Amino acid sequence: MTQRKLWGWFESDRVRLGNRVRWRGREFRVIAFAGLHVTLQPLPQPAALVEALYGEMAGAADFAVLDEAGDAVERTGLPPLGRVLLAVGKEDRKRALMWHRHMKEVETGIRPGRRVPRAGYDPATTTMEQRLRRKAAELDELDISISWRTLDDKRRRWKQAHENPLVLIIDGRKSRAPSPGGRTDPRLLEIMQEVTAILARSSGGRIGRAFDLVEERIATRYAKELEDPQEAKRLRLPRSTFYKRMHELGLSAVLLGTTRQRGAQASKPKKPYTTTYAVRPGQLMQIDTTPLRIKVLGDDGEVVSAEMTILIDVATRSIVALMIVPCVTGEGRPGQRVGGRATRTFDLVLTLAQAYAPMPTLPGWDPLTAASASALPFIKLREADPRFTEAAAARPVIHPRTIIIDQGSPYLSQHFEDVCSFLGIALLYARKEEPDDKPIVERVFSSFADSFSQHVAGWTGRTHAVRGRGIERQPLWTINEVQHMAHEWVALEYQQLPHEGLQHPELPGLTLSPNEMYAALVPGTGYRPRPLSPQDNRKLLLPAWVTITDKGFDIENRTYQNEAGELRLLAGLPSGLASPGKGGRWEARFNPYRPDVAWVYDHRGPGQWIKADFVHRRLLTDVHWTVDHWDEATAVVLADGGRKEHQAAIALAVKERRRRTRTAPPRHTRTGPWIPFKGPGLDVDAPVADPYAGIGEIDLDSITPYESVPIPARPTAVPAGVVPLAPDREGLAALFGDTQADADADADADEDLLPGADLGLPGMTERVEGEM
């Protein structure tokens, strides 16, 4: 522990209620404390109150406590002893408390926990030197060799630090670490770092090669400075001193390492590294992907492996999102592999989408998985977000602000960065092969294996050396089923069990569960729902830049067309976007797990999304298919002599393969009905208004018949020159099914009618006498 870290602990409580402070160039009066927040009243003129985080205010560079005259006062004040000791580990805490008790007895004569002084420590009869000598002799009996003068030096430092016990375990002679590089010019040290990074990516060599490259760069970059003899002496080192500096900085070990070690060292970001620390939900999160180590059934009913991605919040240790996908090795020649897949960029996007909506409970889950039965502030959350219903799972909704990611290819993709930018998420990159940069999520993987994975059929063990026999012959689960069980485990067990790393912010020593920690921290930050609309979800889909023609547009050898004809208005037109490398093409989006629909963004005017359907989607109405099934069927059609342009043949091949998988007898024992894998869906369709919304149940007894129109008492006269035609009785009889008695009655009625009467019957026409 360094002296600077130590002072950070007992400066934190130097502000009291009513103090006058300076922050961000203004003066305030502290009028209230509420959890992690402090309320400030601007001075000298009354103005709107300001609420801020205490840590952010007290940690500012220009912050100061002022006296009534407006001058900065000396920083004083010491937090409670328990809070001070939280800064060190368990062993250092014990040593600090031991020395603190001894110093208290020397200073006051009374040992903590006693009421009267022991013999030889009464201040009324002994001097300070006598008490120090007696304490040194007492410590010597405990095998702690220390002179009374050294003990007095410790006591003085302890008093100057306001009786902070942590200074008692610091050796003042070793508190300052030697500066790396000694007195070597910082410009020279920077060039040595650059040269080492370049050589780390090339083939291994000797340190003498680095010396030559450093000399070349100095001569090129500081040619004018080298004309001064004093500058030349500072910028040039003897070869022996150069080797010594390379060894002190650890650069020689980098050059002598293996290719993999040198590559990992070269990929490290610049120091200082960001520590994993957060005080607000969502302030900092960690995400990572790991093998699940559970054998599951894939889309074709065969045994496959799986990968799991977890997004975890640092402040509350809550698992915000979880995603399991199949991991299949591709087949075929290098460069033409078919069927291979693992965690992709879109899977990470679907993981992020889970952090913006409550997780619903699924059928068959334990009732204790509901948020209403957990430690979450369910009533408050439901008032703020109507999506928190009784069916919501006991897992908090935490919006990420900053996420620590590794340097895997899915995380470094442009689509993932664009989605994080759209959602307002900042990214921090961990170093390659450095799990210590994401310690929390790495530890959760181990807890997941201990509490969940090893109890699921298909568990293969942590390593191949301990794998059991006949794993593939066990009754296995599908990926969807394992994912549902994993979500239940998160809501039922992980989120509701106490975590040793979670201490109550106001009650040190009280261990909390992730849900309880969220309930303790969310009042200080608030919860503001951010539901993703269908338009927002469309921006999360995979992008594709397409050219629109009269036939529509193509995405991965699939043609899409809009039945309403909206795409024909854009056919042949350039998009006009200035995006480099897009060549005037239009922005389109599609879901690889549901590729039967795509969306084109018309940026002209207010901007709108145009929905387009796959032209052969009617051939696949009764099967669920993904882009992986399309690629597999394409490989089958090409192997049979077909071409990629034969989209109808590929669609039929997809349908045939999906039906064959669905109807074929199971090749492996099952624990339940087989469900093919399909990624979680995103709501991309705008809700359609229900025309019957708001209409209650109809009481049939209250319905009255509609009033009939009365028949005129006198027949209407036919206009002059118009003669009515007799109705076609046979046609009417055939239409209405008249009987013979009805026909005779109608004939008698016809005789009673006046000539030219308007019967008002269907088929009656009028003719002008001149045409008859």
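On a predicted model such as this, the values are computed, not experimentally measured, just so you know.
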Please determine whether side chain to side chain contact (heavy atoms under 4.5 Å, CB included) holds for the pair Arg538 and Gln535, giving the CA-CA distance in whole Å, both sets of side-chain angles, and the decisive distance to 0.1 Å. CA-CA 5 Å; Arg538 291 167 196 163; Gln535 291 78 7; 4.0 Å; yes
Can you check whether Thr290 reaches Phe448 side chain to side chain, under 4.5 Å on heavy atoms? no
Please report the closest heavy-atom contact between Pro358 and Ala392, naming both atoms and the distance. CB-CB, 4.3 Å
Side chains of Pro514 and Leu502 in contact at under 4.5 Å (non-hydrogen atoms): yes
Donor + acceptor pair across side chains of Asp418, Gln414 (<3.5 Å): yes
Does the pair Val490 and Phe452 meet the rule for a side chain to side chain contact (heavy atoms under 4.5 Å, CB included), with working shown? CA-CA 10 Å; Val490 170; Phe452 177 81; over 6 Å; no
Please confirm whether the backbone N or O of Arg344 pairs with a side-chain atom of Asp347, one donor and one acceptor, at under 3.5 Å? yes
Evaluate side chain to side chain donor-acceptor pair (under 3.5 Å) for Thr351 paired with Thr309, printing each intermediate quantity in order. CA-CA 8 Å; Thr351 305; Thr309 302; 5.1 Å; no
Would a distance-only check, ignoring hydrogens and angles, find a side-chain to backbone donor-acceptor pair under 3.5 Å from Glu27 to Val21? no
Shortest non-hydrogen contact from Phe416 toward Pro410: CB-O, 3.8 Å
Is a side-chain donor or acceptor of Gln41 paired with a backbone partner of Arg29 at a separation under 3.5 angstrom? no
Do the side chains of Pro377 and Val522 get nearer than 4.5 Å, heavy atoms only? yes
One pair to check against side chain to side chain contact (heavy atoms under 4.5 Å, CB included): Met285 and Ile398. What are the steps and the verdict? CA-CA 10 Å; Met285 291 190 180; Ile398 305 176; 3.3 Å; yes
Just by distance, with hydrogens left out, do Tyr411 and Asp406 show a side-chain donor and acceptor under 3.5 Å apart? no
Donor-acceptor pairs under 3.5 Å, side chain of residues 362-375 to any protein atom, not counting sequence neighbours: which ones?
residue	atom	partner	partner atom	Å
Asp366	OD1	Leu368	N	2.8
Thr369	OG1	Asp366	O	2.5
Ser372	OG	Glu390	OE1	3.2
Ser374	OG	Ala371	O	2.8
Ser374	OG	Leu376	N	3.4

Do Gln503 and Leu512 have side chains that approach each other closer than 4.5 Å (heavy atoms only, starting at C-beta)? no
Taking the side chain as every heavy atom from C-beta outward, state whether His455 and Met485 have any pair of such atoms under 4.5 Å apart. no
Without swapping roles, check the side chain of Thr460 against the backbone of Arg293 for a donor-acceptor pair under 3.5 Å. yes
Determine the interplanar angle of the Trp158 and His100 rings, folded into 0 to 90°, and report it as parallel if under 30°, tilted if 30 to 60°, perpendicular if over 60°. perpendicular
Run the side chain to side chain contact (heavy atoms under 4.5 Å, CB included) test on Leu352 and Leu311 for me, step by step, so that the C-alpha distance in whole Å, both residues' side-chain angles and the decisive distance to 0.1 Å come before the verdict. CA-CA 8 Å; Leu352 292 179; Leu311 176 64; 4.1 Å; yes
Determine whether the side chains of Gln283 and Thr402 contain a donor N or O and an acceptor N or O closer than 3.5 Å. no
Run the side chain to side chain donor-acceptor pair (under 3.5 Å) test on Asp536 and Ser533 for me, step by step, so that the C-alpha distance in whole Å, both residues' side-chain angles and the decisive distance to 0.1 Å come before the verdict. CA-CA 5 Å; Asp536 295 336; Ser533 64; 3.1 Å; yes
Can you see which heavy atom on Val304 is nearest to which on Cys327, and at what distance? CB-O, 4.5 Å
Contact check, side chains of Val320 and Pro400, non-hydrogen atoms, under 4.5 Å: no
Do side-chain atoms of Gln496 reach the backbone of Glu493 as a donor and acceptor pair under 3.5 angstrom? no
Do Asp288 side-chain atoms and Ile310 backbone N/O form a donor-acceptor pair below 3.5 Å? no
Donor-acceptor under 3.5 Å (Arg589 side chain, Leu541 main chain): yes
Under 30°, 30 to 60°, or over 60°: which ring-plane class applies to Phe378 and Phe388, parallel, tilted or perpendicular? perpendicular
Can you find a pair of side-chain heavy atoms, one from Pro281 and one from Met517, that are under 4.5 Å apart? no
Here the gap from Asp385 atom CG to Arg530 atom CZ, rounded to the nearest 0.5 Å, amounts to 13.5 Å
CG/Leu40 to CE/Met57 distance, rounded to the nearest 0.5 angstrom? 5.5 Å
Give, for atom CD1 of Ile403 and atom CD1 of Ile425, the distance between the pair rounded to the nearest 0.5 Å. 4.5 Å
Find the distance between CZ (Phe346) and CG (Asn591) and round it off to the nearest 0.5 Å. 4.0 Å
Would you indicate whether the side-chain heavy atoms of Leu292 and Val482 approach each other to under 4.5 Å? yes
Can any side-chain N or O of Ser446 pair as donor or acceptor with the backbone N or O of Glu442 at less than 3.5 Å? no
According to the interplanar angle, ranging from 0 to 90°, do the rings of His399 and Tyr527 count as parallel (below 30°), tilted (30 to 60°) or perpendicular (above 60°)? tilted
The reported gap from CZ in Arg22 to CG in Asp62 (rounded to nearest 0.5 angstrom) is 7.0 Å
Gln495 versus Asn515, side-chain donor and acceptor atoms under 3.5 Å: yes
Give me the atom names and distance for the closest heavy-atom approach of Leu540 to Ala353. CD1-CB, 4.4 Å
Go through the side-chain N and O atoms of Glu307 and Thr343 and say whether any donor and acceptor fall under 3.5 Å apart. yes
Of all heavy-atom pairs linking His487 and Leu322, the shortest is CE1-O, 3.3 Å
Straight-line distance of Met359 CE to Glu488 CD, nearest 0.5 Å: 10.0 Å
What do you reckon, are the aromatic ring centroids of Phe590 and Trp599 less than 6.0 Å apart? no
Distance-only, no hydrogens or angles: does the Gln407 side chain make a donor-acceptor pair with backbone N or O of Tyr429 under 3.5 Å? no
Any side-chain donor near an acceptor of the partner, Lys295 and Ser305, under 3.5 Å: yes
Side-chain donor-acceptor pair present, Asp313, Thr316, cut-off under 3.5 Å: yes
Testing the basics here: between Arg395 and Ile319, what is the closest heavy-atom pair and its distance to 0.1 Å? CD-O, 3.1 Å
